[in-house]
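Excluded from the calculations below are hydrogen atoms, water molecules and symmetry mates; all remaining heavy atoms, backbone and side chain alike, are included. The structure presented is a predicted model; accordingly, all values stated were derived computationally and were not measured. Both ligands and their constituent atoms are indexed starting at 1 by order of listing. All residue numbers in this chain count up from 1 along the given sequence.
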Amino acid sequence: PGLPSILKKSILKVGVPKEAVEFLFGWVEGRGGYPKIPEAKGSISAIRSEAFFIPLYELYLTYGGIFRLTFGPKSFLIVSDPSIAKHILRDNSKAYSKGILAEILEFVMGKGLIPADEETWRVRRRVIAPALHQKYVAAMIGLFGHATDRLCKKLDSAASDGEDVEMESLFSRLTLDVIGKAVFNYDFDSLTNDTGIVEAVYTVLREAEDRSVSPIPVWEIPIWKDISPRQRKVASALKLINDVLNDLISICKKMVDEEELQFHEEYMNEKDPSILHFLLASGDDVTSKQLRDDLMTMLIAGHETSAAVLTWTFYLLSKEPRVMSKLQEEVDSIIGDRLPTIEDMKKLKYATRVINESLRLYPQPPVLIRRSLENDLLGEYPIKRGEDIFISVWNLHHSPKQWDDADKFEPERWALDGPNPNETNQNFRYLPFGGGQRKCVGDLFATYETVVALAMLVRRFNFRIADGAPPVEMTTGATIHTTQGLNMTVTRRTKPLVVPSLQASSTLEVEPSVSP
Ligand code: HEM
């Protein structure tokens, strides 16, 4: 018999209660052979399905907060437990890299802030984060308002002509216009024009999304790049975007050189408040590839995410007329027909809760990707270096263990006078912008951007799913898209809707009032 069992017998002999001895030895023996991570047998078809985070949710209900999913030689750890997510993202973040994500995005983002390794990231985060200071974000409110106003004009004519509109692509154009101005003072004007550059941005985005769901990296085969028409199109789109970026950088550099203003903490050029202008004024190297990588990263990070948030928010609102009425009442009383200001951002409390709740039900992106750089312990399970990990934000946000009526769109679950929910005050069960050191730098920007657009749109229009529209289903790339668009009928509001009392809300039918 081994030493533990001899020891166990001796301890029992001196009269220590059996239960205590069993407990103690159970623990000691358990440490020797660590528990093994539950293993779910997967098929590649499950993860390649239209929206792969849905089968992962089913597996989570069966296997719990951490499990392994194996496809032939490949395996992934799927994490849906708040304390393990906190450990990976915050408490031991140095032990994790962006793994597969960095590999997929390399062709477009290089070593930009999102995929960057720890060393590059440390330097660049300190340069970039200060550019999104309070004064900058406040200045952006005006930009959000003007861009949304352009969208309103477009919807106005659709309402007059009685034409249905596909909102997902309109939101994508709205947020492209916003991010182009905000990051490098470039007006894509994509809501009105379909120029080559707009098409180039979409070509690159679609490629990044396709690569992220493709199991075989064909684009890595050397000759493929040169003969595949698709890869050639991607290469020329990238070249066009880079040429435009280079022009913008040199125009901006000239402006900065002619300026007299000294650079300081909340520095901002009133004529060009863009992030690029801040970076060049702060002394960033104009010739560096790193600057281009970071600009490209922000263009992509700040575009599709915000568009997806708006798309799913309007979808959710179309299903909950009670929430829409309450939202419209708030917007009518606070901004009416003027453009929103920074002061309004504090007052539009319900609108903010609508966005918070939309981000819970439709997190963008639905999973965060990491790779372990060293051995570690996740909960009770030891893991080795080189594990690919998906933190399923979707699972955290939909877990019946974490939320009452988890699938219900209920902005009221967040107290109006409470703090804005974030990963810290929700103890990592809510991760709309990630958490830890790699948390989104654009969180406040994005919240204001979506609140402004939401407020202005619901003030002017009523929205409903168009008659005969295809069902709104999910598919995924980097963010959650609809499979066939969000087709809506838009009507002008002539007068504010009558807000129902809470009791009556379940039977309420809101009749949109159509303008004459
Ligand atoms: C990172 C979400 C808008 C720039 C992230 C992350 C999330 C996220 C979840 C963490 C990724 C990870 O840990 O792997 C969102 C959502 C947005 C949004 C939902 C819109 C509603 C923006 C905007 C910008 C931006 C407008 C730029 C102005 C970035 C950057 C990072 C990042 C640079 C990388 C930060 C780092 O690694 O240090 N975002 N984002 N995002 N986001 Fe956002």
Original post:
With a 4.5 Å limit on heavy-atom distance, are the side chains of Arg150 and Leu174 in contact?
Top reply: no
Original post:
Tell me, which protein residue and heavy-atom name are nearest atom 31 (C) of ligand 1, and how many Å apart are they?
Top reply: Ile114 CG1, 3.4 Å
**OP:** Using heavy-atom distances, let me know which of Cys440, Pro366, Ser358 sits nearest atom 25 (C) of ligand 1.
**Re:** Cys440
Original post:
What is the closest protein heavy atom to atom 10 (C) of ligand 1, and at what distance does it sit?
Top reply: Arg438 O, 3.7 Å
Original post:
Any idea which atoms of ligand 1 are less than 4.0 Å away from a heavy-atom of Gln364?
Top reply: 2 (C), 16 (C), 19 (C)
**OP:** Return yes if some donor-acceptor pair links the side-chain N/O of Tyr57 with the main-chain N/O of His398 below 3.5 Å, else return no.
**Re:** yes
Original post:
Val441 heavy atoms, cut-off 4.0 Å: which ligand 1 atoms fall inside?
Top reply: 4 (C), 29 (C), 30 (C), 33 (C)
Original post:
Hey, is Lys111 close enough to Asp117 for a salt bridge, meaning N to O under 4.0 Å?
Top reply: yes
Subject >> Student check: side-chain heavy atoms of Glu119 and Val123 closer than 4.5 Å >> reply: no
Original post:
With a 4.0 Å cut-off, would you call Lys253 and Asp284 a salt bridge?
Top reply: no
Subject >> Backbone or side-chain N or O of Glu449 under 3.5 Å from ligand 1 N or O >> reply: no
**OP:** Please identify which atoms of ligand 1 are closer than 4.0 Å to at least one heavy atom of Gly302.
**Re:** 22 (C), 23 (C), 24 (C), 26 (C)
Original post:
What do you reckon, are the aromatic ring centroids of Tyr202 and His303 less than 6.0 Å apart?
Top reply: yes
Subject >> Taking atom 11 (C) of ligand 1 as the reference point, the nearest protein heavy atom with its distance >> reply: Leu368 CD2, 3.9 Å
Original post:
Can you tell which of Thr305, Val393, Leu431, Thr175 gets a heavy atom nearest to atom 17 (C) of ligand 1?
Top reply: Thr305
Original post:
Taking the inter-plane angle between the rings of Tyr267 and His277 on a 0 to 90° scale, is it parallel (under 30°), tilted (30 to 60°) or perpendicular (over 60°)?
Top reply: parallel
**OP:** Please state whether Arg124 comes within less than 4.0 angstrom of ligand 1, counting heavy atoms only.
**Re:** no
**OP:** From the options Phe433, Phe445, Trp121, select the one whose nearest heavy atom is closest to atom 7 (C) of ligand 1.
**Re:** Phe433
Subject >> Heavy-atom side-chain contact between Ile54 and Met474 under 4.5 Å >> reply: yes
Original post:
If you count the atoms of ligand 1 from 1 in the order shown, which ones are under 4.0 Å from a heavy atom of Arg370?
Top reply: 12 (C), 13 (O), 14 (O)
Original post:
Looking at Gly434, which atoms of ligand 1 are within less than 4.0 Å of one of its heavy atoms?
Top reply: 9 (C)
Original post:
Charged N to carboxylate O under 4.0 angstrom, Arg460 versus Asp149?
Top reply: yes
Original post:
Judged by atom type as modelled, is there a donor-acceptor pair below 3.5 Å linking the side chain of Glu166 to the main-chain atoms of Asn487?
Top reply: no
Original post:
How does Ala116 reach ligand 1, by side chain, by backbone, by both or by neither, if only non-hydrogen atoms under 4.0 Å count?
Top reply: neither
Original post:
Considering distance alone, does some N or O of Gln437 sit under 3.5 Å from an N or O of ligand 1?
Top reply: no
**OP:** May I ask you to check if ligand 1 and Arg125 share an N or O to N or O distance below 3.5 Å?
**Re:** yes
**OP:** For Val309, counting its heavy atoms only, list the atoms of ligand 1 lying under 4.0 Å from any of them.
**Re:** 21 (C)
Subject >> Residues Glu357 and Arg413 bridged, charged N to O under 4.0 Å >> reply: yes
**OP:** Below 4.0 angstrom from a heavy atom of Ala301, which ligand 1 atoms are there? Numbered from 1 as shown, please.
**Re:** 3 (C), 4 (C), 22 (C), 25 (C), 29 (C), 41 (N)
Subject >> Carboxylate-amine/guanidinium proximity below 4.0 Å for Glu330 and Lys326 >> reply: no
Subject >> atom 12 (C) of ligand 1: nearest protein contact (heavy atom, Å) >> reply: Lys98 NZ, 3.5 Å
**OP:** Please write down residue, atom name and distance for the protein heavy atom closest to atom 20 (C) of ligand 1.
**Re:** Ala446 CB, 3.4 Å
**OP:** Run the numbers for me: atoms of ligand 1, each under 4.0 Å from some heavy atom of Leu113, listed by number.
**Re:** 33 (C), 36 (C), 37 (O), 38 (O)
**OP:** Inspect the contact between Asp243 and Lys239 and indicate whether a charged nitrogen and a carboxylate oxygen are less than 4.0 angstrom apart.
**Re:** yes
